[in-house]
Amino acid sequence: MNEHGNPAAAAGALHLGDLIVRRMGFGAMRVTTDGSDIWGPPADPRTAKLLLHRALELGINFFDTADSYGPHASESFIAETLYPYPEGLVIGTKGGVVRPSRRRWDPDGRPEHLRRALDGSLKRLRLERVDLYQLHAPDPQVPFADSVGVLAEAQRAGKIRHLGLSNVSVTQLEAARRIAPIASVQNQYNLENRKSEDVLKACERLGVAFIPWYPLGDGAALRSRGLKGLARRLGLPPAQVALAWLLARSPVMLPIPGTASIAHLEENTAAATLRIPPEDLAALN
Ligand SMILES: NC(=O)c1ccc[n+]([C@@H]2O[C@H](COP(=O)([O-])OP(=O)(O)OC[C@H]3O[C@@H](n4cnc5c(N)ncnc54)[C@H](OP(=O)(O)O)[C@@H]3O)[C@@H](O)[C@H]2O)c1
């Protein structure tokens, strides 16, 4: 298939453990609602279904979700729309954050919660084993080793294929690796926020996939002056240049841009096909 039929393939691929995924994924957080609270089922289910199918058509084979998106709505909607899943689709979900109300995202890394959360995700996603299960965030009230430990136990029991972490430091990544193999880290990272540069470098060194959340800075990175100037000069949409910059930044980078718009999904995925001169992208460094 050529780049027009399968643009995500142009991003190349990386390993998530023994799985191989294209380096342009899909963030499925925004299929829940059109609003910013990530609460409730899709406002426009018809478009949301078309969006998920279009992501597959574009060659995307990694979808990122979490039990807290909706809550539960993103996972349920993915299963309702795509089950039985096409060969090669890798779904990564997360547990360890709860939503007592639409504005709250509270960490809950207690082993008893994580056991229940994983079982809930498996049920909603209609899976016996999830390909990638990520600890959504360390819980300051719970020893980190206890949260990772219970997920390692679930992996040994066959419920998790690969373990990932999210919102962690290099020290936490190293601590987790002493308990179980870690396939990925998902931290905030974009043109405007590079606080996790050290974690990205550690992932590169260790051969761990780095999944930048807010790859477009929730839209804010698109307003950066340098980006807007370069995009204008190249005649490209800023989102495409921002994603091309991420892809060029590291071979372990696996962006998961989120959108509720099919036009934006197409635009974002096409970023993988761009051949922007490295010196132009380096000017954004
Ligand atoms: N691990 C964590 O703690 C964590 C936290 C947040 C997010 N995530 C994950 O990261 C994924 C991506 O994050 P995100 O969706 O919050 O942020 P994002 O990808 O940085 O940005 C999404 C925002 O940008 C807009 N957008 C998307 N494509 C665009 C384009 N081509 N042109 C202009 N605007 C565009 C979207 O609006 P439209 O809908 O109008 O396109 C939306 O408002 C999520 O889906 C989720 O899977 C993880």
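For ligands, and for the atoms within them, numbers begin at 1 and follow the listed sequence. As a basis for the values below, the full set of heavy atoms in this structure was taken, side chains included, without hydrogen atoms, waters or symmetry mates.
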Verify, without hydrogens or angle tests, whether Gln186 (side chain) and Gln134 (backbone) share a donor-acceptor contact under 3.5 angstrom.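 Between the backbone of Gln134 and the side chain of Gln186 there is no qualifying donor-acceptor contact (under 3.5 Å).
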From Ser76 atom OG to Lys123 atom NZ, the distance as rounded to the nearest 0.5 Å: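 It is 10.0 Å, given to the nearest 0.5 Å.
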Identified salt bridge (Lys or Arg N to Asp or Glu O under 4.0 Å) counterpart of Arg30 within the set Asp218, Asp37, Asp44, Asp64: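 The passing option is Asp218.
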Name the residues in contact with ligand 1, where contact means a heavy atom under 4.0 Å away: which are they?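 Residues Gly27, Ala28, Met29, Arg30, Asp64, Tyr69, Lys94, His136, Ser166, Asn167, Gln186, Trp213, Tyr214, Pro215, Leu216, Gly217, Asp218, Gly219, Leu222, Ala239, Ile256, Pro257, Gly258, Thr259, Ala260, His264, Glu267, Asn268 each place a heavy atom under 4.0 Å from ligand 1, listed by chain and number.
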By the salt bridge (Lys or Arg N to Asp or Glu O under 4.0 Å) test, which pairs, at least two apart or in different chains, include something from residues 72-91?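 Counting only pairs at least two positions apart or across chains, the salt bridge (Lys or Arg N to Asp or Glu O under 4.0 Å) contacts touching residues 72-91 are Lys49-Glu80, Glu75-Arg124.
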Which pair of non-hydrogen atoms, one from Met29 and one from Thr32, has the smallest distance, and what is that distance?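 In terms of heavy atoms, the two residues are closest at O-OG1, 2.9 Å.
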So do Thr81 and His53 actually touch side chain to side chain, heavy atoms under 4.5 Å?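 In short, these two side chains touch, coming nearer than 4.5 Å.
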